[in-house]
Amino acid sequence: MDSEERVSFNADRCKGCGLCVDACPKGIIVLAERINSKGFPPAVCTDQAECTSCASCARMCPDMVITVRKGE
């Protein structure tokens, strides 16, 4: 995880279900246009600076592929 990232995704384990997209109150999580090694579009954060580290996305993820770090 980059030091500036508040939320990161294990893209190779993401199955692109979109639950985190729906759970994000800021609307900054989207499914990528690329496909991961399992054939799914992984979730990505479009604006790390807007992330409040609320962890709503991580709580919704059935596969636990999301890591949330508190902002400085």
Side-chain angles (χ1 to χ4, degrees):
M1 180 183 277
D2 185 289
S3 63
E4 299 296 317
E5 288 184 333
R6 292 187 179 178
V7 61
S8 65
F9 303 83
N10 183 334
D12 286 332
R13 288 187 44 223
C14 180
K15 64 183 179 189
C17 69
L19 292 174
C20 57
V21 174
D22 294 337
C24 180
K26 293 286 193 166
I28 56 174
I29 298 175
V30 299
L31 295 181
E33 292 183 22
R34 69 179 182 84
I35 302 299
N36 67 14
S37 61
K38 293 187 178 187
F40 301 109
V44 295
C45 179
T46 60
D47 190 348
Q48 293 286 338
E50 283 294 312
C51 179
T52 62
S53 301
C54 70
S56 293
C57 57
R59 284 193 297 276
M60 291 303 295
C61 182
D63 298 312
M64 297 184 294
V65 303
I66 304 171
T67 303
V68 178
R69 185 176 68 82
K70 290 289 183 189
E72 304 305 323

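Being a predicted model, the structure only gives us computed values, none of them experimental.
Across every non-hydrogen atom of Ser53 and Lys70, the tightest pair is O-NZ, 3.4 Å. For the residue pair Ala55 and Val68, the shortest heavy atom distance occurs at CA-CG2, 4.0 Å. Of all the heavy atoms in Arg6 and Gln48, the pair that sits closest is N-OE1, 2.6 Å.
A salt bridge (charged side-chain N to carboxylate O under 4.0 Å, His left out) check over residues 39-63, counting only residues at least two apart or in different chains, returns the pairs Lys15-Asp63, Lys26-Glu50.
Residues Val44 make up the rest of the hydrophobic cluster containing Val30, defined by ILVMFWY side-chain heavy atoms closer than 4.5 Å, directly or through other members.
With sequence neighbours excluded, the residues that form a side chain to side chain contact (heavy atoms under 4.5 Å, CB included) with Pro42 are Ala11, Cys14, Ala32, Arg34, Asn36. For the side chain to side chain contact (heavy atoms under 4.5 Å, CB included) test, residues two or more places apart in sequence or in another chain that qualify with Asn10 are Asp12, Arg13, Val65. Remark: Leu31 engages Val21, Pro41, Ala43 in a side chain to side chain contact (heavy atoms under 4.5 Å, CB included) (not counting sequence neighbours).
Leu19 CG to Ile66 CD1: the interatomic distance, rounded to the nearest 0.5 Å, is 9.0 Å.
In this structure, the side chain of Ser56 does not engage the main chain of Cys24 through any donor-acceptor pair within 3.5 Å.
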Apply side-chain contact (heavy atoms from CB on, under 4.5 Å) to the pair Phe9 and Cys45, showing each step before the final yes or no.
CA-CA 9 Å; Phe9 303 83; Cys45 179; 4.2 Å; yes
